[in-house]
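Accompanying notes for the structure given below.
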Amino acid sequence: MSWLARRARAFLRYGPGFAIEVAIFWVMLEAFQQLNYGGRIITGPQSRRILLLSVIFVVLALGAAEARFGLYRRIWKVAGIHDAIATGFAVIEASLLITLANWALPGDYRVFRLAVPLLAAPAALMGIGIFRLLPRLLSRSRAEGSRLLIVASSASHPAVKELVQSPGPEWQAVAIVSLDPRQQNHTVLGVPVIGHSDNLAHLLKASEAAGVAFVLDRDSEPRDKEMFNVSLQAGLPLFIVPGADHWFRRHGGARLRQLSADDLVGRTHRELEVEQAREQVAGKTVLVTGAAGSIGSELSRLLSGLAPQRLVLLDNNESGLFDIAEELRMRMSIEVREALISITDREPLLQLMAEERPDVVFHAAAYKHVPMLEAYPAQAVLTNVIGTYNTIRCAEAAGVKTFVLISTDKAVARYSVMGCTKRLCEQMILGREGSMDCWAVRFGNVVGSRGSVVPLFERQIEMGGPVTITHQEMTRYMMTIREAVSLVIKTLNVAKPGHVYMLDMGEPMKIVSLAEALVRARGLRPGEDIEIVYTGLRPGERLHEELLGPDEGSRPTDHPAIMEVVSPNTFSPEDLDWTVTRLEELATEGRTDDLVRALKTAASDHPPRRPEEPRIERRREGGRIADVP
């Protein structure tokens, strides 16, 4: 496109608006001139030459000012305070330019009286401001959605303004509840702040709200759980507006998201505690097994923020491994390496350890679905038991300094196949001696993980139900993925080798209560809009989980959320090696019944001992030596 064509296009685009501004400014100047403000009184009409010169003054002065402040480059439909300030400065500058030019002319040729441009500036600013901001005012269409009550830590939060100023087609903000008592009886763009969150139940009725949006400038905390419950008891749908630091990661502005199980669990977030483990990770090579899983991927994300020299991600899930590796490369400037290897393959695993020489290993790779592993005990043993045994032995051979095993509360009861395999993995850690520091970290259900029931509930609610629960009395200990992983990393500061640790899981939560809360959070009624069906316990499941076995105790550590489990070590190194070898033989031979019996015996309080080899005695008989068994 030629220079002339570009200029013509710019003139057609910006010319009409600029012409209207010039007309507004000139009319204001002439009005003050004709009203005899700012100088001697005019008794006769102005000549055409003077009028033409006044228009030229306005065009040149306003054009220079608008070019200086870039008013022609602004999108006025989304104008804000900065655009209004720029408009004010442009009008002031244009007024000063006209005043100086007018003063420089001889008295008989002056276009305006000396003070007219300065006196007319406020009126001109008001007129031009209204013209420029009119598209912004007209773009705010009247919202016709349901009434939305906003609950925020502060009514001045940017997301509150966004919700009020740009309502969606489904929801219209009608009132604000603030955690700051000083903001009561104030307004935000015309929407009143009607009270404090302590009176939320009353305010929900008074505002006649059909939904509640919580504006959190942080992740949800335990104190937020009380407000969530008040809203759920009112039968209203709940939404969460993420803090401003989450907007870019969520690809947008103040977007409403539905209340999640993470919010309902209401656990404490521990990002600061992760930072305290930086010294144990920074500048070192860290390997994470099961890196494509829910626990392993979150481990990898948090570890990548502690500046390791190299982060090695190991998994046999090709797609998941690719996704987490690319995510970390985009977010962090650290060296990330993928290892598409199964922990059940000793030789490739040993070769990887020898090549990477990791300093720290987090072992999160495991099968975790209890009913499925009841049907496939051989796969459970090969992955959970043999895979862990391989990983420990290969890490030890490669000179790894620290090895952290991710365990589960299902290792306590040793009732299911999955629980027995994880208990046997803990036994590999207990009392282990050598140059490698090993410990295990035990915790309960993690909300949102692939082994959790929560994603299933959310899919069932989205499809209109029914929500299936095995038993109405079933309870589980719950914590968020972020908190569990943060505390696992924190054990680098507090753990001692050869011990098992347990995370503070709080109080158990009834699964049916969690499901009903998720239903109510979407504005639906459990049992009416969404049916809840009880299907009965599945193989390997129990009504309640335990955190300590009958032969175990606990004692505190330096961290209030991490407890040391005093657990008996029932295996000698020789007996453990023999047991693992025996289980591997039964699994590879497909002897399922014998395998399950041997596994549960190995995980019991009295595991089998390695059979002693037959002793051979020699004695002399009649001049010859005979072997006597």
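Side chains are part of it too, since the values below use all heavy atoms of this structure and drop only hydrogens, waters and symmetry mates.
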Item to check | P466 vs I530 side-chain heavy atoms within contact, under 4.5 Å | outcome: no

Checklist entry - What pairs of residues pass the side-chain hydrogen bond (donor to acceptor under 3.5 Å, both in side chains) test when at least one of them lies in residues 370-385, not counting sequence neighbours? => result N384-T421

Next on the checklist: I'd like to know whether the aromatic ring centres of F214 and F228 sit less than 6.0 Å apart in this structure.
Outcome noted: yes

Item to check | Salt bridge present between E584 and R582 (N-O < 4.0 angstrom) | outcome: no

Checklist entry - Would E356 and V361 count as a side-chain contact (heavy atoms from CB on, under 4.5 Å) if you check the C-alpha gap in whole Å, the side-chain angles of each, and the deciding distance to 0.1 Å? => result CA-CA 11 Å; E356 299 294 348; V361 173; over 6 Å; no

Checklist entry - Hey, which of V404, V565, T557, L487 is the one that makes side-chain contact (heavy atoms from CB on, under 4.5 Å) with Y501? => result T557

Next on the checklist: Between T480 and V446, is the side-chain contact (heavy atoms from CB on, under 4.5 Å) condition met? List the steps.
Outcome noted: CA-CA 5 Å; T480 63; V446 175; over 6 Å; no

Checklist entry - If we only count heavy atoms from C-beta on, is the H471 to Y534 side-chain gap below 4.5 Å? => result no

Next on the checklist: Determine whether L306 and I489 satisfy the following criterion, side-chain contact (heavy atoms from CB on, under 4.5 Å), listing intermediate values before the conclusion.
Outcome noted: CA-CA 10 Å; L306 300 180; I489 296 175; 4.1 Å; yes

Next on the checklist: I'd like to check V288 versus V312 (side-chain heavy atoms, cut-off strictly below 4.5 Å). Are they in contact?
Outcome noted: no

Next on the checklist: What's the separation between atom NZ in K422 and atom CD in Q427, rounded to the nearest 0.5 Å?
Outcome noted: 13.5 Å

Checklist entry - For E335, does the CD atom sit with more than 12 other heavy atoms under 6.0 Å from it, leaving out its own atoms? => result yes

Item to check | Inter- and intrachain pairs under salt bridge (Lys or Arg N to Asp or Glu O under 4.0 Å), touching residues 488-501, at least two apart | outcome: K496-E564

Checklist entry - Quick one: are V286 and P358 in side-chain contact, heavy atoms under 4.5 Å? => result no

Item to check | Q276/N493 under side chain to side chain donor-acceptor pair (under 3.5 Å): CA gap, chis, key distance, verdict | outcome: CA-CA 8 Å; Q276 294 171 357; N493 296 111; over 6 Å; no

Checklist entry - Ignoring hydrogens and geometry, is there a side-chain-to-backbone donor-acceptor pair from T491 to V494 under 3.5 Å? => result no

Checklist outcome for this item: Between the CD1 atom in I429 and the OG atom in S407, the distance rounded to the nearest 0.5 Å is 9.5 Å

Item to check | Heavy-atom side-chain contact between L456 and R459 under 4.5 Å | outcome: yes

Checklist entry - Does A354 offer a backbone N or O that forms a donor-acceptor pair with the side chain of R357 under 3.5 Å? => result yes

Checklist entry - Which pair of non-hydrogen atoms, one from P539 and one from V370, has the smallest distance, and what is that distance? => result O-CG1, 4.0 Å

Checklist entry - Quick check: are there more than 12 heavy atoms from other residues, nucleotides or ligands sitting under 6.0 Å from CD of E589? => result yes

Next on the checklist: Quick one: does any side-chain atom of N317 pair with a main-chain N or O of G320 as donor and acceptor, under 3.5 Å?
Outcome noted: yes

Item to check | Ion pair R476/E541, N-O distance below 4.0 Å | outcome: no

Next on the checklist: Would you say that more than 12 heavy atoms from the other residues, nucleotides or ligands in this model lie under 6.0 Å from the CE of M372, or not?
Outcome noted: no

Item to check | Inter-residue atom distance E473.CD - L537.CG, 0.5 Å rounding | outcome: 11.0 Å

Checklist outcome for this item: For C420 and K600 the tightest heavy-atom approach is SG-CG, 3.8 Å

Checklist outcome for this item: Here the gap from I341 atom CD1 to L313 atom CG, rounded to the nearest 0.5 Å, amounts to 12.0 Å

Item to check | Close side-chain approach of T402 to L492, heavy-atom, < 4.5 Å | outcome: yes

Item to check | R432 with E396: basic N within carboxylate O range, under 4.0 Å | outcome: yes

Item to check | Which atom of L373 lies closest to which atom of A380, heavy atoms considered | outcome: CD2-CB, 3.9 Å

Item to check | Inter- and intrachain pairs under salt bridge (Lys or Arg N to Asp or Glu O under 4.0 Å), touching residues 288-307, at least two apart | outcome: E298-R301, E298-R482, R301-E327

Item to check | Where S486 and L302 come nearest, the two heavy atoms and their spacing | outcome: OG-CD1, 3.6 Å

Item to check | Side chain proximity check, H363 to I343, heavy atoms < 4.5 angstrom | outcome: yes

Next on the checklist: Can a donor-acceptor pair be found, under 3.5 Å and without considering hydrogens, that links the side chain of T588 to the backbone of E585?
Outcome noted: yes

Checklist entry - If every non-hydrogen atom of M428 is compared with every non-hydrogen atom of L576, which pair is closest and at what distance? => result CA-CD2, 3.7 Å

Next on the checklist: Using a 3.5 Å distance criterion without hydrogens, assess whether the side chain of R423 forms a donor-acceptor pair with backbone atoms of S604.
Outcome noted: no

Item to check | From CA spacing to verdict: side-chain contact (heavy atoms from CB on, under 4.5 Å), R346, I386 | outcome: CA-CA 9 Å; R346 290 186 182 91; I386 309 304; 4.1 Å; yes

Next on the checklist: Given F362, which partner from the list L287, T289, I295, V488 fulfils the side-chain contact (heavy atoms from CB on, under 4.5 Å) test?
Outcome noted: V488

Checklist entry - Side-chain contact, heavy-atom cut-off 4.5 Å: I334 with R310? => result no

Checklist entry - Looking only at side chains, do S567 and E426 share a donor and an acceptor under 3.5 Å apart? => result no

Item to check | G540 versus Y415, closest heavy-atom pair with distance | outcome: O-CD2, 3.6 Å

Next on the checklist: How long is the straight-line distance from CG of L349 back to OG1 of T344, given to the nearest 0.5 Å?
Outcome noted: 9.0 Å

Checklist entry - side chain to side chain donor-acceptor pair (under 3.5 Å) between D575 and S572: does it pass, once the steps are laid out? => result CA-CA 5 Å; D575 291 337; S572 67; 3.0 Å; yes

Next on the checklist: Let me confirm one number: the CG-OG distance from L311 to S304, rounded to the nearest 0.5 Å.
Outcome noted: 6.5 Å

Next on the checklist: Under a 3.5 Å cutoff, is there a donor and acceptor pairing between the side chains of Q351 and E355?
Outcome noted: yes

Checklist entry - Do H499 side-chain atoms and P497 backbone N/O form a donor-acceptor pair below 3.5 Å? => result yes

Checklist outcome for this item: In V412, L503, L405, T408, the residue satisfying side-chain contact (heavy atoms from CB on, under 4.5 Å) with R442 is V412

